[in-house]
Structure formats: structure tokens, C-alpha cells
Amino acid sequence: MEERDLAPEALPALRTDLYQLTMAQGYFRAGLQERRACFVLSFRENPYQGGFAVAAGLGPVLEYLQDWRFSAEELDYLAGVPAPDGTPLFAADFLTHLRDLRLSIELEAMAEGEICFAQEPLLRITGPIEQCQLLETPLLNLINFSTLVATKAARCVLATQGAPLLEFGLRRAQGPDGGLTATRAAYIGGCSATSNVEAGRRFAIPVAGTHAHSWVMAFDDELEAFRAYAASSPNNIVLLVDTYDTLQGVRNAITVARELEARGRSLLGIRIDSGDLAWRSKQARALLDEAGLAETKIYCSNELDEYTISSLKDQAAPIDVWAVGTRLATGSPAAALGGVYKLSALADKNGTWQPKLKLSDQSAKTTIPGLQGLRRYFRADGGLDGDLVYDTQQAPATGARVTMFDPADMTRSKTFAADARSREMLRPIDLAGFEPPELEQLRARTLAGLDALDETHKRFLRPHSYPVGLETQLARTRLRLIAEARGTDESVLFEDHETR
């Protein structure tokens, strides 16, 4: 399946925050617009108090970057934006500069569908500081929501334990853009199909659906409605049985199933959308099996999420297909992924990279400096063992023994043996030669990554923390910058674990 038209619509360069443009004008006015900078996009905490996330949104990012420029209409608008004193906020020479501006950045990124974790880079952007700055808001906009929904989908996939998971959230999604973005991300996260037909067309995602209660209500009785639906869609018959009385609805569905068998057709399934899903599905299964319809599947919907699905599984509810809507397409209950885009290095006048750090009283908000790379280590059985963040200017040799330190607690460390298998997680992207990947490939990557992740990191309640740490030299650099920013000597807090 070939993916096409990744973005719901072409994102304009003005899909950004005002302060990005005022900073860009400041760099331009100070003559710093070409100074080389490095920015890193990451997130501070795993969503849903979980043990992992699923990277998503890179495809739309790359499409956006390919087409990035300021149009004449956008520049005309900026020319009319007033400052508080009524004068033009943006100078004419700056707007002329924006008109001619084209991206000359370098991008390294984690592939979509990779399992990822807090405090590690998903994207690294290097290039003129003005260009990097102008990309902050749109890149976060494109990555944050997609990664949130892909993660939610993956959690629901884990809960279904291999049963098909359908994404049914368009009607509750955050507008048309949100609906398309959510469906794409949900499929990357492991969903089997979607009810969103436009997303099916754009992204080559399988589409699925049944019918609404209104269909049943439009007829004089339920059995007539079921017969009419079967006649209209004889090759796709899933009947919604809970409009009036669920068990009677199942009996009516059985009547239609027998009539279909006489014509060489079959009833694919029934759907239950209300009530006690565990109890109703067991009653429905008993009626279907008694009627010789063991192959007829039970679909369930109704405000499902990973916790409800897990509970129903624990109750041995005989549900074959799960349809998740609102709580998947909106990423509920998380309002947003805490993605950030921070300056991590700046080139001096000689072109030498200098690491940069933002200090905060909150340890999670104290950034990681340097030209960050990310290396993932694996156990002998192929399972994920830990992720090493390092400065590419001091990259540890492949095949070397490496120690890393928890950025939130420097007393915690982990050492990888010299013969430990590893791979680099950030890969350079050729913006000019980018071709959209097949979503099926991204979905398969997610499912393979989940299989490789230890069960302790996948549990929903108090998951074990996956090791993400700073390579020894990067950890030292970060502590030095913290000490310099505070005017103190904190190097005594660093215990040398290199010889352990």
C-alpha cells in the first residue's frame, strides 16, 4: 500500500507562533541568521504514565519541509501585522528576506513506528539558527499529537492480545485535521482498520464499519431492518443488535444468518455498543453457538480504552473485534504529549560547536546539551536493553564498553558490554529524495518493537522504567554546564563509574 498526501492539507509557513517570527527578525537584524545551531525534539515524560511511546508524525514533517516557503499572501499578511504602538511589527527588508528564504537544514530522525522513550532525541535539526527557530512550532505540532495517538493505539493493541482493533474515532476527533492525523497515527500504532473513509483513501488504510442505530429505527421493526441491510450489503454484514433489546437483537440476527446461509452467504458478525459488554457478549456468544454460528464474530464498541479492554479480557468476554473511538482519536486522557524543541549546541565564530543547556529548578526541564545521537542496545535474545544518548562529537566507538547515567538521577548507571549488539536510532534524511513509506511497514515496525520490549515496560500500572541514559562524557559536560550556570562546583556529585 502506497501512502500519499501525508498531510491533511499543505501546512503554510505561517502555521507557527508569533514569537518564532519576531525572533527570526531579531536574528536577521543582529546579523546572526546564518549562525549554525542544533535543536533537538524530544519529550519529557512517557504519556499515560506508561513505560514507552511510539514515534509518529515524521512523514508529515518531511512533506512539510519539502514545501516550506513563505507565500506572497503570507508576506502580505505579515506586512499588515501591527506592533502595540500601531507601527508595522515586521520591517520591509525582513519580509523581503523571508520571501527569498529556502531551507538549508540537515535532519536526522527516528523512524516512525519505533518504540521510543522520554528524554531521548526523536529529531535533530542542524542549520542556520533562524531557519531552525522557524521550524519549532510546526514540527512539534506534527510530531506531538501523532506520537500521542500512536502510543494510545499501541496500548490498546496490547490490551486486545492480538484481536483486531478498529479505529472508529472520526466523529469525536479534534476537527478534520485531527481526524486524519489521528487515523494515520492509530494505524501506525497497530490498528487493523479505520471507519474514516477519507483517511483510507489518502493513506491506503483498510476501512471497516457496520451500521448505526438510526438504520434500525428507520424501519418498522428490527428484523426488517436487518434483512434490508443484508440485502444491500450481502458481502459485508455486521449487524448492530442493541437498538432495543440486545438479546432479541441477537435472535433477529440469527434469523437473518440462517436466511443468508440458504443463499450461500454468511453473517460476518454482530456489534454490541452498550450495556455490560462482558455479560452481553457471553449471552450473545451462547446464542450464536447454539444456532451453529461459531464463526460469527462479536464486535464491541462503547467508550473503550486499554483499561476497559483489559478488564473485559480478564472477565473472559468472548469479544472478537474491538472498535475504539473517542479515547483513541483524542488521545484521552492525556491532553498532549509533552514534546519540546530545544537548542542544544551553537557554533562559535570559528565554526566550533559549543554545547548549550537550559537550566531549571525542575530536573525534567533541565535540557541535555550537545549534538545528540541515540544508540539502542539489545539483549542476547533480541529484546530492548537500553538507549544511550551521546554527543556525536565524542561518539563512543561501536563495540566499546559503554557506561551511561540516568539524567534525572546521576547515582543510577548502566554499563553495556563491548560485545553488546546495538544500532543507531537517528538516521539522516534526504529531504529532496524523500519518498513516503508504506504505512503497513510502519505498523509492522511498531508491532515488532512491542514484541521486543520487555513485559515489565508494557504493563499499564506502574511500568518498570526503561533505561535511557547519558554517555559518560556527555553526562560530565551536562554537569559542568549546570555548575557553570549556578556558579558552583558540582563535579563532586559525579561518581566515576567508568571502571565498574
Side-chain angles (χ1 to χ4, degrees), residues 1-16 47 53-68 109 111-113 122-123 135 137-157 164-210 212 301 304-305 323-332 334-337 339 434-446:
M1 295 183 296
E2 182 180 353
E3 181 182 358
R4 48 192 190 278
D5 298 328
L6 290 175
E9 60 180 67
L11 280 178
L14 285 192
R15 186 76 69 91
T16 189
V54 176
L58 179 62
V61 162
L62 299 181
E63 184 172 82
Y64 171 71
L65 294 178
Q66 284 182 319
D67 296 332
W68 188 90
E112 291 188 275
L122 303 186
L123 277 75
L135 295 176
T137 298
L139 296 194
L140 286 171
N141 178 261
L142 291 165
I143 293 292
N144 279 344
F145 184 58
S146 289
T147 298
L148 182 72
V149 174
T151 305
K152 185 70 172 182
R155 288 166 62 86
C156 291
V157 165
L165 176 70
L166 311 180
E167 183 273 309
F168 273 19
L170 178 58
R171 66 185 62 194
R172 301 282 177 80
Q174 317 294 23
D177 285 7
L180 288 168
T181 300
T183 298
R184 181 183 186 275
Y187 192 67
I188 291 173
C191 284
S192 305
T194 179
S195 65
N196 186 339
V197 181
E198 175 61 7
R201 181 190 73 84
R202 290 197 184 207
F203 308 135
I205 297 173
V207 292
T210 60
S301 49
L304 297 177
D305 62 13
V324 183
T326 304
R327 297 180 186 179
L328 174 54
T330 64
S332 176
L337 182 76
F434 165 69
E435 294 183 4
E438 293 185 358
L439 282 189
E440 187 61 44
Q441 176 185 351
L442 306 183
R443 179 177 179 271
R445 180 181 290 141
T446 298

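Quantities reported herein were computed from a predicted structural model and do not represent experimental measurements.
The shortest non-hydrogen separation linking G113 to V54 is CA-CG1, 4.0 Å. Nearest heavy atoms, L304 versus A323: CD1-O, 3.6 Å. Between V207 and G200, the closest heavy-atom pair is CG1-CA, 3.9 Å. Closest approach of F145 and G178 over heavy atoms only: CE2-O, 3.7 Å. In terms of heavy-atom proximity, A329 sits nearest to A173 at CB-CB, 4.2 Å. Of all the heavy atoms in G331 and V149, the pair that sits closest is N-CG2, 4.4 Å.
The side-chain hydrogen bond (donor to acceptor under 3.5 Å, both in side chains) search around S146 returns none, not counting sequence neighbours. Applying the side chain to side chain contact (heavy atoms under 4.5 Å, CB included) test to A199 and every residue at least two apart in sequence or in another chain returns L180, T183, N196, F203.
For the atom pair T151 OG1 and L337 CG, the distance stands at 7.0 Å (nearest 0.5 Å). Distance CG/L142 to OG1/T181: 7.5 Å, rounded to 0.5 Å. For the atom pair CG of L165 and SG of C191, the computed distance is 4.0 Å after rounding to the nearest 0.5 Å. Rounding to the nearest 0.5 Å places CD1 of I205 at 11.0 Å from OG of S195. Atom-to-atom distance recorded for R445:CZ and L439:CG is 11.5 Å, nearest 0.5 angstrom. Within the model, atoms OG1 of T147 and CD1 of I188 stand 9.0 Å from one another, a figure rounded to the nearest 0.5 Å.
Put simply, the side chain of E167 does not reach to within 4.5 Å of the side chain of Y187, judged on heavy atoms. With contacts defined as side-chain heavy-atom distances shorter than 4.5 Å, the pair T137/R15 does not qualify. When side chains are defined from C-beta on, L123 counts as touching I143, because their heavy atoms get closer than 4.5 Å. For the pair E112 and L442, the minimum side-chain heavy-atom distance is below 4.5 Å. The shortest side-chain heavy-atom distance between F168 and L328 does not fall under the 4.5 Å cut-off.
Evaluation of the salt bridge (charged side-chain N to carboxylate O under 4.0 Å, His left out) test over residues 139-156, restricted to residues two or more places apart or in two chains, returns K152-E306, R155-E306.
Judged by distance alone, the side chains of T326 and R172 do bring a donor and an acceptor atom under 3.5 Å apart.
Between the side chain of R327 and the backbone N or O of S332 there is no donor-acceptor pair closer than 3.5 Å.
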